[in-house]
Amino acid sequence: METYSTILVLVIAVLLVRELRAGNQVAQSDPSILLESDQRFRTLRMQALEPVLALVIIGSILVSDLERAPVHAVVAAVGGVAGYLFGWYRARSTYVASYPAHRGIVLRYSIESFVALGLLVVIKVVAEQDLLPDGEIFRSIVAALLGFIVVESIARVVTLVRFYRRDTVTAKVADEVAE
């Protein structure tokens, strides 16, 4: 199972890099996309791949933890609630604009993005290498963090897509009124 997970992570990483390049090409080729130094253009496909990556990395770890300690489902759910709130906040604080013609959005860089990525990598390494000290408290903390990461990523992307759709509809209405 771990081999399949690693292969899937690599495939998703390749797709993410492809979408990153596509987004950079769009931003460079369209003069209507004006990015400040702390902003980046991202395709919706790239945003949709991020929770899939988190689910692949974290999902197997969370499932194996829940098989050993079913009570951790409650702890993971609490982490998930916090993750939902953080994902919603992160989407609101980073969203700048949408570009329906390119099916993409402009986001601000934020320290939260780097913290979330670092947390994902640390948890993956610690859990897979079984580097946690023995004890229920440490395992509970990891279960909460796993729930947090998965739900945060999904909530952030869902919120960004809602913003994209809202702005797309608003732009259509504005175009119809202008005509």
Side-chain angles (χ1 to χ4, degrees), residues 1-29 33 35 39-67 72-73 76-77 79-96 98-100 102-132 142-165:
M1 180 72 167
E2 201 170 295
T3 304
Y4 295 120
S5 174
T6 303
I7 291 169
L8 196 52
V9 165
L10 290 174
V11 168
I12 294 170
V14 167
L15 292 172
L16 282 168
V17 168
R18 190 184 111 218
E19 286 301 313
L20 176 66
R21 287 184 178 163
N24 289 340
Q25 286 175 344
V26 166
Q28 291 171 355
S29 66
I33 300 176
L35 299 175
Q39 296 175 348
R40 64 207 189 275
F41 178 86
R42 295 294 182 250
T43 64
L44 288 179
R45 270 190 301 252
M46 181 177 181
Q47 294 303 306
L49 285 170
E50 289 179 15
V52 175
L53 181 63
L55 197 55
V56 169
I57 291 173
I58 300 298
S60 62
I61 299 169
L62 185 58
V63 167
S64 67
D65 181 56
L66 294 177
E67 287 173 349
H72 284 183
V81 169
Y84 174 82
L85 295 172
F86 186 69
W88 175 81
Y89 164 76
R90 196 170 143 208
R92 280 186 56 117
S93 67
T94 60
Y95 179 80
V96 176
S98 65
Y99 288 88
H102 301 294
R103 295 194 45 81
I105 55 179
V106 173
L107 301 172
R108 274 184 211 89
Y109 283 109
S110 71
I111 191 68
E112 294 95 348
S113 300
F114 295 108
V115 169
L117 180 61
L119 191 59
L120 183 65
V121 170
V122 167
I123 289 175
K124 171 79 170 161
V125 169
V126 167
E128 280 191 350
Q129 302 301 318
D130 204 22
L131 299 174
L132 274 178
V142 168
L145 289 174
L146 294 174
F148 176 91
I149 289 172
V150 170
V151 175
E152 184 275 338
S153 184
I154 294 167
R156 185 179 50 78
V157 170
V158 167
T159 304
L160 290 172
V161 168
R162 287 182 55 223
F163 291 163
Y164 171 84
R165 288 184 176 162

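In this chain, numbering begins with 1 at the start of the sequence shown.
To the nearest 0.5 Å, atoms CG (Leu49) and CG (Leu15) are separated by 5.5 Å. Atom CZ of residue Arg90 and atom CG of residue Leu85 lie 14.5 Å apart, to the nearest 0.5 angstrom. Once rounded to the nearest 0.5 Å, the distance linking OG1 of Thr94 with CD of Gln39 reads 10.5 Å. Here the straight-line distance linking atom CG of Leu8 with atom CD1 of Ile57 works out to 9.5 Å at 0.5 Å rounding. Note: Ile12 CD1 to Leu53 CG = 5.5 Å, rounded to the nearest 0.5 Å.
Residues Gln47 and Tyr164 fail the side-chain proximity criterion, which asks for heavy atoms closer than 4.5 Å. For the pair Val161/Arg165, a side-chain contact is recorded, criterion being any heavy-atom separation below 4.5 Å from C-beta on. Counting heavy atoms from C-beta on, the side chains of Leu107 and Leu160 come closer than 4.5 Å. Side-chain contact between Asn24 and Arg42 is present, with heavy atoms from C-beta onward closer than 4.5 Å. With a 4.5 Å cut-off on side-chain heavy atoms, Thr43 and His102 do not count as touching.
Using the six-membered ring where Trp is involved, Phe163 and Tyr95 have ring planes that are tilted, between 30° and 60° apart.
Residues Ser153 and Glu50 have side chains that never bring a donor and an acceptor to within less than 3.5 angstrom of each other.
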